[in-house]
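A short write-up of the structure that comes next.
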Amino acid sequence: MFTIGDFARHGQVSVRMLRHYDALGLLRPARTDPHTGYRFYTADQLSRLNRVIALKELGFSLQEVGRLLAADVAPAELRGMLRLRRTQLAQEAAAARARLARVGARLHVIESEGHMSTQDIVVKHLPAVRAAGLTATAAAFDPDAITPVVGPLFDEVSRLVDAAGIRPQGPGIAHYVQEAGEDGPVEVHALFPVGADIPATSGLRLFTLPAVTRAATLVHHGSLDTVLASEQLIGRWLETERARPAGLTREVYLECAGEPATWVTELQLPLAE
């Protein structure tokens, strides 16, 4: 038999925690000395301790752990619970990273106030573009809705373009379409310019982006996590110039290899005549 101290070391828990589990009836000592009150445990009890710790780390309350132990949960069930909990934790971590990115973007905007000039905005004609790509739908035109859609969509388009042996004639373009005045779903188009027809078996669609007579354009340097400052700069320009948008901003990925801090993206906002 082990003393409570030795058992705690073998089980990698604290003595205080073992006493707490004893008080709750989750893990009773194999023997308690009636005179000294010393607790003693057996090696076989490590199995129950492992289950207590595993269920607790999976997020169950100690009361729930007790009920699950009473039901004699099998190792295969514990493994299933672990997989589910791993997925939940990954989702929570991704959500936390997204929140931090949004806060960072807002901070970047605050820090950039007074340092960015609307003189960096160029109004120019956009020629029509023949492109191969795919379309998906995002719930709204905001980073939380767009980011989970546009990244995987471009990954799939890139895979299909490579598999079909297509040589893009320019950088990738993210084109967004939403009903005017609506705050609803957005069509997300992930595109690569092409110079000829695409194979029917490629799995890609052929698109033609119409020419735009006038578009307000701005070159954004760095990760798209910080694009908010550039988007708001265009908004300030619109107000100053009393211009009106004629659609949503396109993103042309001029340079997207390497670290996100080195990326270069041209934002193109069509303007109403």
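- Under the 4.5 Å side-chain criterion, counting only non-hydrogen atoms from C-beta, Q268 is not in contact with I173.
- No side-chain heavy atom of L46 sits under 4.5 Å from any side-chain heavy atom of Y41.
- Between the side chains of S47 and R51, at least one donor N or O lies within less than 3.5 Å of an accepting N or O.
- V252 and L248 sit in two unconnected hydrophobic clusters of ILVMFWY residues. Membership requires side-chain heavy atoms under 4.5 Å apart, directly or through other members.
- Between T3 and F40, the closest side-chain pair of non-hydrogen atoms falls below 4.5 Å.
- Side chains of L269 and W237 form no contact here, defined as non-hydrogen atoms less than 4.5 Å apart.
- Looking at L18 and R39, their side chains never come closer than 4.5 Å, going by heavy atoms from C-beta outward.
- Across P168 and I166, no two heavy atoms sit closer than the pair CD-O, 3.3 Å.
- Under a hydrophobic clustering in which Ile, Leu, Val, Met, Phe, Trp and Tyr are joined whenever their side-chain heavy atoms come within less than 4.5 Å, directly or via other members, W263 and V227 fall into different clusters.
- Across all non-hydrogen atoms, the minimal contact from R28 to D22 is NH1-O, 2.6 Å.
- A donor-acceptor pair under 3.5 Å is absent between the side-chain atoms of T265 and the main chain of H220, judged by distance alone.
- Going from atom NZ of K56 over to atom CG of L26 covers 11.0 Å, rounded to the nearest 0.5 Å.
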Legend entry - R236 vs E239, salt bridge (charged side-chain N to carboxylate O under 4.0 Å, His left out): CA-CA, chis, key distance, verdict: CA-CA 5 Å; R236 294 177 187 273; E239 184 176 80; over 6 Å; no
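- A 4.5 Å side-chain heavy-atom check between V123 and E241 finds every atom pair outside the cut-off.
- Between Y176 and E251 there is a side-chain heavy-atom pair separated by less than 4.5 Å.
- The local environment of CZ in R214 is sparse, with at most 12 non-hydrogen atoms from other residues, nucleotides or ligands closer than 6.0 Å.
- No donor-acceptor pair under 3.5 Å is formed between the side chain of E156 and the backbone N or O of L153.
- Here the side chain of H125 pairs a donor or acceptor atom with the backbone of V212 at under 3.5 angstrom.
- The same ILVMFWY cluster, assembled from side-chain heavy atoms under 4.5 Å apart, contains both L49 and L24.
- For residues 132-142, the pairs satisfying side-chain hydrogen bond (donor to acceptor under 3.5 Å, both in side chains) are T135-H189, T135-R205, with sequence neighbours left out.
- Atoms OG and CD, from S230 and E266 in turn, are 11.5 Å apart once rounded to the nearest 0.5 Å.
- Put simply, CZ on F207 and CG on L134 are 7.0 Å apart, with the number rounded to the nearest 0.5 Å.
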Inset, instruction - Report the C-alpha separation of L55 and E64 in whole Å, then their side-chain angles, then the decisive distance to 0.1 Å, and conclude whether the side chain to side chain contact (heavy atoms under 4.5 Å, CB included) test is met. - result: CA-CA 9 Å; L55 290 167; E64 291 171 327; over 6 Å; no
Inset, instruction - Could you walk me through whether V13 and V52 pass the side chain to side chain contact (heavy atoms under 4.5 Å, CB included) test, one step at a time? - result: CA-CA 11 Å; V13 295; V52 171; over 6 Å; no
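- More than 12 heavy-atom neighbours from other residues, nucleotides or ligands sit within 6.0 angstrom of CD on E92.
- With values rounded to the nearest 0.5 angstrom, H10 atom NE2 is found 4.5 Å from F2 atom CZ.
- Distance check, rounded to the nearest 0.5 Å: CG of L204 to CD1 of I198 gives 5.0 Å.
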Legend entry - Residue pair L84, Q88: steps toward the side chain to side chain contact (heavy atoms under 4.5 Å, CB included) verdict: CA-CA 6 Å; L84 178 60; Q88 292 171 339; 4.0 Å; yes
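- Considering only residues two or more places apart in sequence or on other chains, R9 meets the salt bridge (charged side-chain N to carboxylate O under 4.0 Å, His left out) condition with D6.
- Grouping the Ile, Leu, Val, Met, Phe, Trp and Tyr side chains by contacts below 4.5 angstrom, directly or via other members, places M17 with F60.
- Shown here for Y253 and A174, the closest heavy-atom pair between the two residues is OH-CB, 3.2 Å.
- In this structure, the separation between CG on L58 and CZ on R86 is 10.0 Å, given to the nearest 0.5 Å.
- Between E57 and R85 the shortest heavy-atom distance is O-NE, 4.3 Å.
- Within the 4.5 Å cutoff, the side chain of V129 has no heavy atoms near those of the L191 side chain.
- One hydrophobic cluster, built from ILVMFWY side chains closer than 4.5 Å, holds both L267 and I121.
- The heavy-atom pair separating A138 from A145 by the smallest distance is CB-O, 3.6 Å.
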Inset, instruction - Mind running side chain to side chain contact (heavy atoms under 4.5 Å, CB included) on L238 and L271 for me, showing each step along the way? - result: CA-CA 9 Å; L238 288 171; L271 301 174; 3.7 Å; yes
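- Nearest heavy-atom pair across H35 and D33 is N-OD1, 2.8 Å.
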